Amino acid sequence: MTTIMDGKKLRDKILSGLKSEIQTFDKKPVLAVILAGDDAASRIYVNNKKKTAENLGIKSIVIEYPADVGENILLEKIEELNLDKEINAILVQLPLPAHIDKQKVIDTIAPIKDVDCFTIENSGRLYTGLEPYVYPCTPQGILYLLDEYKINLEGKHVVVIGRSNLVGKPAAQLALKRNATVTVCHSHTRNLSDITKTADVLISAVGEVLIEDDMMKDDCVVIDVGIFRDCNGKVRGDVNFETVSKKASYITPVPGGVGPMTIASLMVNTVKLYKEQNKRSS
Ligand code: NAP
């Protein structure tokens, strides 16, 4: 029997615990989000994050810039937010306009306020086995789902498709930290299905329909990170849910799987940074 991993239900459970915790705080945690350009999807994501934050008692400040904003303006704003004791967490919504050096902007965020573990210092900590202040939101959300459904990664073969800094690489690293044997695949991987067929846990973060049921063994755990609109405007994941869900032991739907967990992680991370900063200043 296949279990559908319910990201919305788990998000609500995590956020309800977080809301109760926030009610005990003297001050509201504050999340600052920088949004540059006019990407429609980014605007929807940012609005959702703001709404979720405000519902919990986290103050959310969205700082918007036009698509032709100068890089220096963004860098100066981040420096200002770094120094502002009222701001606990900073998120730069990606993608940034093409003329902006994304990594330079991200690396300007003070590591203690880097809510997505994106700066070189925090990702360096992650990849060298040190503990960063928080884990990247989407991969952490995947761990929350695995934990909720009691899926232990130790000794398992975890195949991650995708090697972005946002999802694929940190997901692979977190699986390694849990003593999985990890294979990372990407667009140059040959004979992809020979590899995916050996996966106990398959994590796909690509952005196109790729995973069919003949690419996996029976009872595989399938985590679909991909989310995009197909040519008919329907929201899709990387996995052919209809066929794969008949073969998998556990599977995340799209929407309603990993997506809600990313938002939940962002809120958890904001609170973690708030607590870390309070600890340091007391
Ligand atoms: P990305 O930066 O575009 O990375 C995509 C990865 O897929 C790359 O590593 C690429 O390989 C690999 N790839 C592309 N075509 C492939 C193929 N045919 N076979 C194997 N690998 C292939 O994207 P991303 O930011 O990681 O996001 C991936 C997907 O997850 C997107 O749909 C995005 O919207 C979604 N996402 C969802 C959430 C959520 O909360 N649910 C969060 C973040 C992202 P190369 O490195 O060789 O190019």
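Read the numbers this way: they start at 1 and go in the same order the structure lists the ligands and their atoms. Bear in mind the structure is a predicted one, so any value in this text is a computation, not a measurement.
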Are any side-chain N or O atoms of Ser60 and backbone N or O atoms of Ala53, one a donor and one an acceptor, separated by less than 3.5 Å? no

Counting only N and O atoms by type, is there a donor-acceptor contact under 3.5 Å from the side chain of Asp200 to the main-chain atoms of His157? yes

Just let me know how Ile227 lines up against ligand 1, side chain, backbone, both or neither, with a heavy-atom cut-off below 4.0 Å. both

Element-labelled atoms of ligand 1 that are located less than 4.0 Å from some non-hydrogen atom of Gly162: 6 (C), 7 (O), 9 (O)

Shortest protein heavy-atom distance from atom 39 (C) of ligand 1, along with the residue and atom involved: Thr262 OG1, 3.6 Å

Measure the distance from atom 35 (C) of ligand 1 to every protein heavy atom, then report the residue, atom name and distance (to 0.1 Å) of the closest one. Val225 O, 3.5 Å

Tell me: protein heavy atom nearest atom 13 (N) of ligand 1, and distance? Val206 CG1, 3.7 Å

Ligand 1 contact by Glu208, heavy-atom criterion under 4.0 angstrom: yes

Inter-residue atom distance Asp101.CG - Leu74.CG, 0.5 Å rounding: 11.0 Å

Non-hydrogen side-chain atoms of Pro253 and Phe241 separated by less than 4.5 Å: yes

Using atom types as modelled and distance alone, determine if a side-chain donor or acceptor of Tyr274 lies under 3.5 Å from a backbone N or O of Lys27. yes

Has the side chain of Glu154 got a donor or acceptor atom that lies under 3.5 Å from a matching backbone atom of Ala180? no

Contact with ligand 1 for Ala205, non-hydrogen, under 4.0 angstrom: yes

Report, in ascending order of atom number, the atoms of ligand 1 lying under 4.0 Å from any heavy atom of Leu210. 18 (N), 19 (N)

Within the distance-only criterion (no hydrogens, no angle test), does the side chain of Lys77 pair as donor or acceptor with the backbone N or O of Asn72 below 3.5 angstrom? no

The closest protein heavy-atom partner of atom 47 (O) of ligand 1 is Ser187 OG, 2.6 Å

Please report which non-hydrogen protein atom sits nearest to atom 4 (O) of ligand 1, along with the residue it belongs to and the distance in Å to one decimal place. Ser164 CB, 3.9 Å

What's the spacing between Lys49 NZ and Thr262 OG1 if we round to 0.5 Å? 8.5 Å

Can a non-hydrogen atom of Thr189 be found less than 4.0 Å from any atom of ligand 1? no

So do Ile14 and Lys9 actually touch side chain to side chain, heavy atoms under 4.5 Å? no

Min side-chain heavy-atom separation Ile58-Ile22 under 4.5 Å: yes

Go through ligand 1 atom by atom and flag the ones less than 4.0 Å from a non-hydrogen atom of Gly207. 29 (C), 31 (C), 32 (O)

Ile161 heavy atoms, cut-off 4.0 Å: which ligand 1 atoms fall inside? 20 (C), 21 (N)

Taking heavy atoms and a distance under 4.0 Å, where does Leu166 meet ligand 1: side chain, backbone, both or neither? side chain

Please answer whether the main-chain N or O of Ser16 pairs with a side-chain N or O of Ser20 as donor and acceptor at a distance below 3.5 Å. yes

Only heavy atoms of His188, strictly under 4.0 Å: list the atoms of ligand 1 that pass. 47 (O)

Under 4.0 Å from a heavy atom of Gly226: give me the atoms of ligand 1 that qualify, with their elements. 29 (C), 30 (O), 32 (O), 35 (C)

For Tyr144 and Glu148, which I'm curious about, is there any donor-acceptor pair between the side chains at under 3.5 Å? no

Give me the nearest non-hydrogen protein atom to atom 46 (O) of ligand 1 as residue plus atom name, then the distance to 0.1 Å. Arg163 NE, 2.7 Å

Nearest protein heavy-atom contact for atom 43 (C) of ligand 1: which residue, which atom, what distance? Val167 CG2, 3.7 Å

Starting from atom 20 (C) of ligand 1, which protein heavy atom do you reach first, and at what distance in Å? His186 O, 3.2 Å

